[in-house]
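Working notes for the structure below.
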Amino acid sequence: MQSFGFVYCIEPWLQRCYGAQPEALREAQQRHSEFFNTQPHMASLVIGMTCALEESAAGSSGEEKADKVARLRALKAAAAAALAGLGDALFWGALRPFCAALALAGAMAFARRSIWLAAIWSAAAYLAAYDLPALALRWGFLRLGYEWKDQIAVRLRDWPGQKTIRYLRWGGSLLALGACGLMLWAVPGPLRGLAALGVAATVGLKVLQVSAYKLYVSAALIGTIAAWAGWL
């Protein structure tokens with residue numbers, strides 16, 4: 001899935017390690033063309049670790065090198081699987097919703113002044129709030145992966161990733177509630193009660209963890225029945 005991209009990333013390092021050994025270089029390229037899949041932003045940790053372990057393997061020979069290559073393969077697969085779950089929770093499940101809530105809350109606040117100001121804020125806030133930490137972590141993880149080598153699992157225990165996820169989720173929830181409050185304030189008086197009911201229903205469905213597909217099916221059925229009954 002991501003193996004060719006992985007090889008492309010480490011190709012300059014492999015050339016540095018095996019430039020004078022064409023056959024060893026080809027073997028290294030082939031072993032990193034095997035299946036690889038993880039959360040894209042967390043892949044830098046695996047890339048850094050792989051570069052360090054390939055450097056160590058390149059300086060060995062015989063059975064020692066074979067053992068190091070086997071260990072590299074095992075660590076690479078284990079790290080990719082573990083980092084996929086952590087990365088999904090951090091970037092897809094926490095940071096991205098937080099950025100969306102930040103963009104929405106700001107847009108609702110600026111909308112009464114200027115729709116263009118709200119649009120500019122939405123785009124700029126989302127891109128800055130997501131891209132800046134994501135790019136910084138990509139570069140930082142590359143260095144840490146090289147330094148940590150096969151100690152990634154141990155070192156991540158002290159990394160405040162879970163706390164960051166929790167803070168981002170709470171912050172995103174508060175921003176989303178603030179955006180809902182601004183939306184209700186902007187709704188005309190006669191419709192404010194209906195809008196508040198919609199917000200309450202949304203929060204209730206989220207708390208009950210109702211599947212989005214069930215929600216869509218329910219809405220379609222209710223709309224169909226209402227149309228047949230002549231209510232719409």
Side-chain angles (χ1 to χ4, degrees), residues 1-2 5 9 38-44 83-142 160-224 226-227 231-232:
M1 295 176 70
Q2 298 172 346
C9 288
T38 191
Q39 205 282 338
H41 298 303
M42 305 297 288
S44 294
L83 293 173
L86 177 61
D88 285 348
L90 175 59
F91 289 97
W92 303 157
L95 181 59
R96 190 164 60 178
F98 172 84
C99 296
L102 177 65
L104 177 61
M108 294 302 301
F110 289 125
R112 295 179 68 85
R113 283 182 162 186
S114 168
I115 191 65
W116 290 107
L117 184 60
I120 292 172
W121 163 266
S122 297
Y126 186 95
L127 291 174
Y130 186 87
D131 288 339
L132 291 178
L135 291 173
L137 284 174
R138 281 195 174 197
W139 282 107
F141 282 160
L142 189 63
Q162 295 299 333
K163 289 184 179 180
T164 303
I165 291 171
R166 184 163 60 250
Y167 294 152
L168 285 172
R169 286 177 174 172
W170 277 107
S173 298
L174 292 175
L175 286 170
L177 289 174
C180 289
L182 291 170
M183 180 189 69
L184 292 176
W185 180 54
V187 169
L191 298 177
R192 195 163 294 166
L194 184 61
L197 181 62
V199 172
T202 302
V203 174
L205 291 171
K206 176 61 178 175
V207 171
L208 295 174
Q209 295 184 345
V210 176
S211 167
Y213 297 105
K214 292 181 180 178
L215 179 60
Y216 298 152
V217 171
S218 300
L221 289 175
I222 292 172
T224 302
W231 295 341
L232 297 179

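Note that this is a predicted model, so its numbers are computed, not measured.
- What you find for P133 and A128 is that their closest heavy atoms are CD-O, 3.8 Å.
- Separation of atoms CG (D88) and CG (L83) is listed at 10.5 Å; rounding is to 0.5 Å.
- In terms of modelled atom types and a separation under 3.5 Å, the side chain of Q2 and the main chain of T38 share a donor-acceptor contact.
- Between the OG atom of S122 and the CG atom of L127 there is a distance of 10.5 Å, given to the nearest 0.5 Å.
- Classified by interplanar angle (parallel below 30°, tilted 30° to 60°, perpendicular above 60°), the ring pair H41/F91 is tilted.
- Rounding to the nearest 0.5 Å gives a distance of 6.5 Å between OH of Y130 and CZ of R96.
- At distances below 3.5 Å, at least one donor-acceptor pair connects side-chain atoms of S44 with backbone N or O atoms of R138.
- Shown here is W170, whose CH2 atom has no more than 12 heavy atoms of other residues, nucleotides or ligands within 6.0 Å.
- Closest non-hydrogen pair, L102 versus W121, comes out as O-NE1, 3.4 Å.
- Side chains of L95 and T164 form no contact here, defined as non-hydrogen atoms less than 4.5 Å apart.
- Once rounded to the nearest 0.5 Å, the distance linking CZ of R169 with CG of L174 reads 14.5 Å.
- To the nearest 0.5 Å, atoms CG (L90) and CG (L168) are separated by 6.5 Å.
- When all heavy atoms of L175 and A105 are compared, the closest pair comes out as O-CB, 3.8 Å.
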